[in-house]
Asks: 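Structure below; questions to follow.
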Amino acid sequence: MTLSIIVPCYNEEAVLHETNARLTDVIKRMETKALIDHGRIMYVNDGSADRTWQIVEELAQADQHVGGLCLAHNVGHQQALWAGLEWAAAHSDAAISIDADLQDDVEAIPQMVELWLHGADVVYGVRRERKTDTWFKRTTAQGFYRLMRMMGSEVVYNHADFRLMSQRALQALMAYPERNLFLRGMVAQLGFNTASVYYDRAERFAGESKYPLTKMLGFALDGITSFSVRPLQYITYLGAVFMLISICAIVYGIVSYVEGRTIAGWTSQLVSIWFIGGAILLACGIIGEYVGKIYTEVKRRPRYFIQKTAGHELS
Ligand code: UDP
Ligand code: MG
């Protein structure tokens, strides 16, 4: 049984040495205990501008457990992870994805592997609580999960992208042709046998978050629009409600006219113009989001290009 650990890295020079030390330690322990035959760590360098790739090359030189894929350009976390998973689907019996910043507990990995050996195809790493996150991140993240559920996409609460996938789950995932990736939603749709491992999430070991608020919002929007057409339905409902209101308004207007009391009504006109204008813009925006999605999907552009590789069996 071979296991690959996929680590997407974007400007992670500050954490790589420590991450690598901890991951190789876990892999070697699992090999000694004969939990796995062979373990490998694959770093996917997502177009970093710092020394990330040099460090990966050095690490791969020094230890045959380590390898790397260097993407030609920054394609974003989800696409970089996809590149690694595609590699893993072709080269190993199972893959674990984990962020480079050591926020996820590497000690959960052996438990994940044991659950996999007992027949699980997908093992979710679920964080127990969010004590180390800032108040802001915690609240926005919780709001995000709630919104996702409301909009009808299945997501595992408090699970991000720390998970194990078996060979057949990986193959199933690779059959998804879409370019707008929201991996945690896609994996939740696969089915198969699933299990969860609980861990405490730590603070970023070093460096800064590569997910500022704007990226987080974009990601949340992607998660909803890639999985659900409910926002479009809501626009229809909203339209129906406005229709009803306007019928009432027309009746009211005619009655007032007949009774001979016409109102100056400047305020109510102004308010309704602004409100209806806003509602129309919002509706156009939501439809635009979906049109944009269709645009990127029909172009069928390649997800990524691999520029270089590092590692004993690879180069
Ligand atoms: N990442 C990436 N490409 C990007 C942005 C981020 O590969 O364009 C990687 C990053 O190196 C890290 C993971 O995605 O391994 C998650 O990023 P980060 O820890 O900054 O996100 P946060 O935990 O703050 O949400
Ligand atoms: Mg992080």
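Each ligand, and each atom within it, is numbered from 1 in the order the structure gives.
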Asks: Does an N or O anywhere in A80 fall below 3.5 Å from an N or O of ligand 1?
Replies: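 No, A80 has no N/O under 3.5 Å of an N/O on ligand 1.
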
Asks: Note the single closest protein heavy atom to atom 20 (O) of ligand 1, along with its residue, its atom name and the distance in Å.
Replies: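 For atom 20 (O) of ligand 1, the nearest protein heavy atom comes out as K210 N, 2.4 Å.
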
Asks: Could you tell me whether a side-chain N or O of T24 sits under 3.5 Å from a main-chain N or O of A21, the two making a donor and an acceptor?
Replies: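 Between the backbone of A21 and the side chain of T24 there is a qualifying donor-acceptor contact (under 3.5 Å).
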
Asks: Is there a donor-acceptor contact under 3.5 Å linking the side chains of N20 and Y43?
Replies: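 Side-chain D/A pair, N20 to Y43: present.
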
Asks: Answer side chain, backbone, both or neither: which part of D99 comes under 4.0 Å from ligand 1, heavy atoms only.
Replies: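 Within the 4.0 Å criterion, D99 contacts ligand 1 through backbone and side-chain atoms alike.
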
Asks: Closest non-hydrogen protein atom to atom 19 (O) of ligand 1, residue and atom name please, with distance?
Replies: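 Here the nearest protein heavy atom works out to D101 OD2, 2.5 Å.
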
Asks: Keeping the roles fixed (side chain from Y124, backbone from Y157), state whether a donor-acceptor pair exists under 3.5 Å.
Replies: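 Absent.
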
Asks: Provide, to 0.1 Å, the distance between atom 8 (O) of ligand 1 and the closest protein heavy atom, together with that atom's residue and name.
Replies: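 So the nearest neighbour among protein heavy atoms is N74 ND2, 3.2 Å.
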
Asks: Backbone N or O of D46 within a donor-acceptor pair of the N74 side chain at under 3.5 Å?
Replies: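 Between the backbone of D46 and the side chain of N74 there is a qualifying donor-acceptor contact (under 3.5 Å).
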
Asks: Can you classify the ring geometry of Y234 versus Y237 as parallel (below 30°), tilted (30 to 60°) or perpendicular (above 60°)?
Replies: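 Y234 vs Y237 ring planes: tilted.
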
Asks: Can you list the atoms of ligand 1 that are under 4.0 Å from a heavy atom of P8?
Replies: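 Result: 7 (O), 9 (C), 10 (C), 11 (O), 12 (C), 15 (O).
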
Asks: Suppose we measure from atom 12 (C) of ligand 1 to each protein heavy atom; which comes out shortest, and what is that distance?
Replies: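 Checked against all protein heavy atoms, atom 12 (C) of ligand 1 sits closest to E12 OE2, 3.4 Å.
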
Asks: Do any heavy atoms of K215 fall under 4.0 Å from ligand 1?
Replies: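 In this structure, K215 qualifies as a contact of ligand 1 - some heavy atom is under 4.0 Å.
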
Asks: If you check every N/O/S atom of D101, which is the one nearest the Mg ion (ligand 2)?
Replies: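 Looking at D101, the N, O or S atom with the least distance to the Mg ion (ligand 2) is OD2.
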
Asks: State whether the side chain of Q79 and the backbone N or O of R179 hold a donor-acceptor pair below 3.5 Å, judged by distance alone.
Replies: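 Side chain of Q79 to backbone of R179, a donor-acceptor pair under 3.5 Å: yes, one is there.
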
Asks: Can you tell whether the side chains of K33 and E114 come within less than 4.0 Å, N to carboxylate O?
Replies: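 Salt bridge absent between K33 and E114.
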
Asks: Testing Q64, E31, M30, M1 for side chain to side chain contact (heavy atoms under 4.5 Å, CB included) with H38, which one passes?
Replies: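 Checked Q64, E31, M30, M1 against H38; only one passes side chain to side chain contact (heavy atoms under 4.5 Å, CB included): E31.
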
Asks: Scan side-chain atoms only and decide if Q78 and W82 contain a donor-acceptor pair under the 3.5 Å cut-off.
Replies: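 Side-chain D/A pair, Q78 to W82: absent.
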
Asks: Provide, to 0.1 Å, the distance between atom 1 (N) of ligand 1 and the closest protein heavy atom, together with that atom's residue and name.
Replies: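 It is Y10 CB, 3.6 Å.
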
Asks: So which protein heavy atom does atom 17 (O) of ligand 1 come closest to, and at what separation?
Replies: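 Heavy-atom neighbour on the protein nearest atom 17 (O) of ligand 1: Y211 CD1, 3.9 Å.
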
Asks: Which residue and non-hydrogen atom of the protein lie closest to atom 25 (O) of ligand 1, and at what distance in Å?
Replies: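 Sorting protein heavy atoms by distance from atom 25 (O) of ligand 1 puts K137 NZ, 3.1 Å first.
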
Asks: Which residue owns the protein heavy atom closest to atom 4 (C) of ligand 1, what's the atom, and how far is it?
Replies: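 It is D46 OD2, 3.4 Å.
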
Asks: Relative to ligand 1, is Q103 under 4.0 angstrom through side chain, backbone, both or neither, heavy atoms considered?
Replies: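 Looking at Q103 and ligand 1, just side chain atoms fall under 4.0 Å.
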
